[in-house]
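The structure presented is a predicted model; accordingly, all values stated were derived computationally and were not measured. Residue numbers count from 1 along this sequence.
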Amino acid sequence: MDETQLINGCRKGDRLAQKELYERYSRKMMGVCLRYVNDRETARDLLQDGFVKVFTSMDSFSGIGSFEGWMRKIFVNCALEHLRKSDVLRESTDLDNTAELIQPDSSVISDMSAAELMRLVQELPAGFRTVFNLFAIEGYSHKEISDMLNITESTSRSQFTRAKQMLQKRINALY
């Protein structure tokens, strides 16, 4: 089935189309979930919730833009919902309270595998990890992140800065 057939089948409630959609995208969407939570069980729960929302919201996909991008946004929003409930940013600080960034050795980062780098990102505290993912990986602005997470823009910036600092320290400690 091509993507259009798959989408149309899912819109009609066709179980085979839903199964194929799940099989086609579950690994990628699990990766999205794991970027926001650091344990597999919670990520699996988010994956399930995300696919339920995808299947029940299929009619809202307009066909403009990529289907995978539309799905990714649903999974990110599921993860953010989960993180909001656990109030992950309650210990956030303003940018003024952060130290200067040390410039990383770019050769160290280029020697790391993507899996090693993602493991380090997963080990970040939840608030840092969330803002880092939204800004550095998903491409949201600090204004958009502040609206999504109900925090100030400066808090978003400081969370991102502190996430980078922590990643730099951990990378330097490894190499």
Side-chain angles (χ1 to χ4, degrees), residues 10 18 21-58 60-61 65-95 97-98 101 104 109 112-171 173-174:
C10 288
Q18 290 173 338
L21 182 86
Y22 178 85
E23 289 172 354
R24 190 178 291 184
Y25 292 104
S26 62
R27 285 181 54 98
K28 285 182 183 179
M29 296 307 127
M30 181 64 161
V32 170
C33 295
L34 281 169
R35 282 203 320 264
Y36 289 90
V37 296
N38 58 1
D39 71 281
R40 286 202 167 277
E41 199 58 41
T42 304
R44 282 188 197 105
D45 290 344
L46 292 174
L47 184 71
Q48 181 178 350
D49 292 347
F51 272 106
V52 167
K53 287 183 181 179
V54 165
F55 294 136
T56 58
S57 308
M58 196 64 81
S60 70
F61 177 64
S66 86
F67 179 69
E68 185 177 330
W70 176 81
M71 281 183 57
R72 178 181 302 273
K73 192 169 187 174
I74 289 174
F75 282 90
V76 167
N77 285 329
C78 281
L80 293 179
E81 251 177 62
H82 168 77
L83 294 171
R84 271 188 221 103
K85 288 178 187 172
S86 56
D87 195 20
V88 297
L89 297 175
R90 66 180 165 266
E91 294 178 16
S92 61
T93 60
D94 204 355
L95 191 58
N97 298 330
T98 60
L101 281 175
I109 294 172
M112 292 183 77
S113 71
E116 287 176 306
L117 190 55
M118 287 313 296
R119 182 183 55 77
L120 292 176
V121 170
Q122 283 181 312
E123 292 173 357
L124 290 171
F128 295 176
R129 183 178 60 242
T130 301
V131 173
F132 182 85
N133 282 321
L134 289 170
F135 185 81
I137 297 174
E138 303 294 341
Y140 289 103
S141 70
H142 288 295
K143 170 71 174 126
E144 291 169 318
I145 294 168
S146 72
D147 291 342
M148 286 177 184
L149 300 178
N150 197 25
I151 59 175
T152 65
E153 280 184 64
S154 64
T155 298
S156 176
R157 283 189 194 90
S158 71
Q159 294 287 301
F160 180 68
T161 300
R162 293 180 74 198
K164 287 193 317 186
Q165 288 173 334
M166 194 172 281
L167 282 172
Q168 287 172 359
K169 284 179 186 174
R170 290 180 178 176
I171 289 168
L174 289 173

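- Heavy atoms from other residues, nucleotides or ligands lying under 6.0 Å from CD of E81 number more than 12.
- Note that CG of L117 is 5.5 Å distant from CD1 of I171, once rounded to the nearest 0.5 Å.
- At least one donor-acceptor pair closer than 3.5 Å links the side chain of S66 to the backbone N or O of G69.
- Atom CZ of R24 has more than 12 heavy atoms from other residues, nucleotides or ligands within 6.0 Å.
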Apply side chain to side chain contact (heavy atoms under 4.5 Å, CB included) to the pair M30 and F75, showing each step before the final yes or no.
CA-CA 9 Å; M30 181 64 161; F75 282 90; over 6 Å; no
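- One distance of note links CG of L46 with CE of M29; it measures 13.0 Å at 0.5 Å rounding.
- For the pair Y25 and R72, the minimum side-chain heavy-atom distance is 4.5 Å or more.
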Report the C-alpha separation of Q159 and L134 in whole Å, then their side-chain angles, then the decisive distance to 0.1 Å, and conclude whether the side chain to side chain contact (heavy atoms under 4.5 Å, CB included) test is met.
CA-CA 11 Å; Q159 294 287 301; L134 289 170; over 6 Å; no
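- At most 12 non-hydrogen atoms from other residues, nucleotides or ligands lie less than 6.0 angstrom from CG of N150.
- One finds the OG1 atom of T56 at 12.5 Å from the CZ atom of F51 (value rounded to the nearest 0.5 Å).
- A distance of 3.5 Å separates NZ of K28 from CD of E68, quoted to the nearest 0.5 Å.
- The backbone N or O of V121 lies less than 3.5 Å from no partner atom in the side chain of R129, so there is not a single donor-acceptor pair.
- No side-chain donor-acceptor contact under 3.5 Å links S57 to the backbone of V54.
- When the salt bridge (Lys or Arg N to Asp or Glu O under 4.0 Å) test is applied to R35, the partners found at least two apart in sequence or on another chain are E138.
- Residues meeting the salt bridge (Lys or Arg N to Asp or Glu O under 4.0 Å) test with D147, sequence neighbours left out: K143.
- Using bins of under 30°, 30° to 60° and over 60° for the plane-to-plane angle, the ring pair F61/F67 lands in the perpendicular bin.
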How far apart are the C-alpha atoms of Y36 and T42, what are their side-chain angles, what is the distance that settles it, and do they pass the side chain to side chain contact (heavy atoms under 4.5 Å, CB included) test?
CA-CA 10 Å; Y36 289 90; T42 304; over 6 Å; no
